[in-house]
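Below you'll find the structure, written out as structure tokens, and then a few comments.
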Amino acid sequence: MVQQDIERAVAILRRGGLVAFPTETVYGLGADAQRAEAVERIFAAKGRPSDHPVIVHVPAGADLGRWAARVPVAAERLAERFWPGPLTLVLPRGPRVPDAVTGGQNTVALRVPDHPLALALLSAFGDGIAAPSANRFGRVSPTLAEHVREELGSAVDLILDGGPCRVGLESTILSLVNDRPRVLRPGAITAAEIAEVLQETVGSGPGATAIRAPGLLDAHYAPSTPMTLVPAPALVDEAMSLHRRGSAITVLARVPMPVPLRPILGEGTKPVVWIVAPASSHAYAHALYATLRAIDRRQVERILVEEPPAIDEWTAVTDRLRRASHG
Ligand code: TXA
Ligand code: MG
């Protein structure tokens, strides 16, 4: 069954079609990375501007040299340590990478995903699969096959269902083309873990070079319901004042609704829906996008989210919450 699905998926990729597949981070919308017209179909399906680059997924770290013009020692070390896994490396672009993949830039982003179905697909296909997250441009990434079906439906030729994504947030993107390594997008693999492997300091943000990366846009990964990130100590007051003004709100907190407030917040024509998110950053990340989608389905006027602790392990979650609550 699975083998048949993989064979079908490979056949679709070979004729330039689109296959959505699970990774450990989020679902990807894949096309043959060597075929510009196939990659262009991804942009059309997502409604994404075509000058934005996509990640090339490869079956193994040994393939880096097929896509990158140069493979720095740092890339080899990181591939050795973290692949397959939620780390994307930005390297100088090699000659066989189409412009459609890089958005015309002189770099290419590469990663080996850690999911049995993704790896089976990549090794059966035997080459690079270009894939952004399988959502409409600017929206929350899919962490279940049904999210892809809801959002992209018939624009995709096949959806491989691998169940829920383990990590739940997009990969860490690390640029190795600057003066020093830079995290362009935080993810499950932290800057500290990377620094430890490389034995050098790791920067963050795009730095002096202007890199076009939609994951770096302020308003990205957003639910349709307006969302506000609130410092933990102000959460209850903020919920109270919106509730008093008659707004239908959902609170995404890390603690239960305080008992004395239950008769107030939990009642009225628009009772506050108070969701207790998981306490650990990993479990929180795993559940986040599905939770935001579920909230979007209820007719809520605003989502209040308790700001996570300002410590390393929450960096990726906080980054996505900030972007989702922009504007
Ligand atoms: O976890 C992930 O990375 C998922 C799964 C499917 O692998 N993919 C993903 O793709 O999140 P996407 O396209 O939604 O986000 C990829 C990010 C974008 O912000 C894009 O701009 C950036 O990677 N990117 C791609 N190529 C780049 C490059 N050459 N230089 C800098 N950023 C690049
Ligand atoms: Mg995306």
Side-chain angles (χ1 to χ4, degrees), residues 1-59 63 66-67 84 88 96-104 108-165 170-171 213-215 220-221 289 293:
M1 182 58 188
V2 168
Q3 193 47 42
Q4 273 171 23
D5 289 343
I6 297 288
E7 281 164 21
R8 252 184 84 202
V10 168
I12 290 167
L13 292 173
R14 292 212 195 292
R15 60 161 203 261
L18 301 185
V19 175
F21 62 97
T23 79
E24 80 283 30
T25 58
V26 300
Y27 275 76
L29 179 59
D32 182 345
Q34 288 262 78
R35 290 174 62 158
E37 80 284 3
V39 176
E40 278 153 13
R41 287 192 59 208
I42 298 178
F43 293 97
K46 280 181 64 92
R48 182 188 203 175
S50 61
D51 62 346
H52 286 169
V54 291
I55 296 171
V56 177
H57 297 70
V58 291
D63 286 18
R66 289 166 60 82
W67 296 92
T88 296
R96 68 200 280 272
V97 188
D99 273 342
V101 165
T102 66
V108 61
L110 296 157
R111 109 174 174 96
V112 181
D114 185 18
H115 190 291
L117 261 186
L119 290 170
L121 176 64
L122 284 162
S123 64
F125 184 61
D127 210 340
I129 299 178
S133 51
N135 51 281
R136 302 276 309 164
F137 180 65
R139 291 285 160 217
V140 170
S141 297
T143 54
L144 282 176
E146 73 184 66
H147 298 160
V148 182
R149 221 168 279 130
E150 278 162 21
E151 209 156 301
L152 299 177
S154 60
V156 188
D157 299 306
L158 176 68
I159 301 173
L160 292 174
D161 189 341
C165 299
E170 305 81 359
S171 61
H220 207 66
Y221 311 110
Y289 288 157
R293 279 173 190 270

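Throughout, numbering of the chain's residues begins at 1 and tracks the sequence.
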Quiz prompt | Test side-chain contact (heavy atoms from CB on, under 4.5 Å) applied to E37 - qualifying residues, sequence neighbours left out | solution = R35, E40

Self-check item: Distance-minimising heavy-atom pair for G128 and V58
Solution: CA-CG1, 4.3 Å

Practice problem: Please report the shortest heavy-atom distance between W67 and A33, naming the atom on each side. | Solution: CH2-CB, 3.7 Å

Practice problem: With sequence neighbours left out, write down each residue that passes side-chain contact (heavy atoms from CB on, under 4.5 Å) with H115, or none if nothing qualifies. | Solution: P22, L117, A118

Exercise. Please name all residues satisfying salt bridge (charged side-chain N to carboxylate O under 4.0 Å, His left out) with R96, sequence neighbours left out, ordered by chain then number.
Key: D127

Quiz item: For the atom pair CG (D5) and CZ (F21), what is the distance rounded to the nearest 0.5 Å?
Solution: 15.0 Å

Self-check item: Value rounded to 0.5 Å, distance of CD1 in I12 from CZ in F125
Solution: 12.0 Å

Quiz item: Should E151 and P142 count as side-chain neighbours, where that means a heavy-atom distance under 4.5 Å?
Solution: no

Quiz prompt | CG-CG distance between D51 and D99, expressed to the nearest 0.5 angstrom | solution = 11.5 Å

Quiz item: Which heavy-atom pair separates G30 from A131 by the least distance, and what is that distance?
Solution: CA-CB, 3.8 Å

Quiz item: Are side-chain heavy atoms of L121 and V10 found at a separation under 4.5 Å?
Solution: yes

Quiz prompt | Ionic contact status for E24 with R111, cut-off 4.0 Å | solution = yes

Quiz item: How far does OG1 of T143 sit from CD of E170, to the nearest 0.5 angstrom?
Solution: 10.0 Å

Would you be so kind as to tabulate the donor-acceptor pairs closer than 3.5 Å made by side chains of residues 156-165, with sequence neighbours excluded?
unit_1, atom_1, unit_2, atom_2, d
D157, OD2, L18, N, 2.7
D157, OD2, R41, NH1, 3.3
D161, OD1, G163, N, 2.9

Quiz prompt | Over all atoms of both residues, closest heavy-atom pair of I42 and A130 | solution = CD1-O, 3.5 Å

Quiz item: How would you list, by chain and number, every residue that makes a ring pair (Phe, Tyr, Trp, His ring centres under 6.0 Å) with H147, sequence neighbours excluded?
Solution: none

Quiz item: Are E146 and R293 close enough for a salt bridge, meaning some N to O gap below 4.0 Å?
Solution: no

Quiz item: Does T88 have any side-chain hydrogen bond (donor to acceptor under 3.5 Å, both in side chains) partners at least two apart in sequence or in another chain, and if so, which?
Solution: S171

Quiz item: Can you tell me how far OG1 of T23 sits from CD1 of I129, rounded to the nearest 0.5 angstrom?
Solution: 12.0 Å

Practice problem: Measure across A45 and R136 and return the closest heavy-atom pair with its distance rounded to 0.1 Å. | Solution: O-NH1, 3.1 Å

Practice problem: Output the distance between atom CG (N135) and atom CG (L29), rounded to the nearest 0.5 Å. | Solution: 9.0 Å

Quiz prompt | Shortest non-hydrogen contact from H57 toward P113 | solution = CD2-CG, 4.0 Å

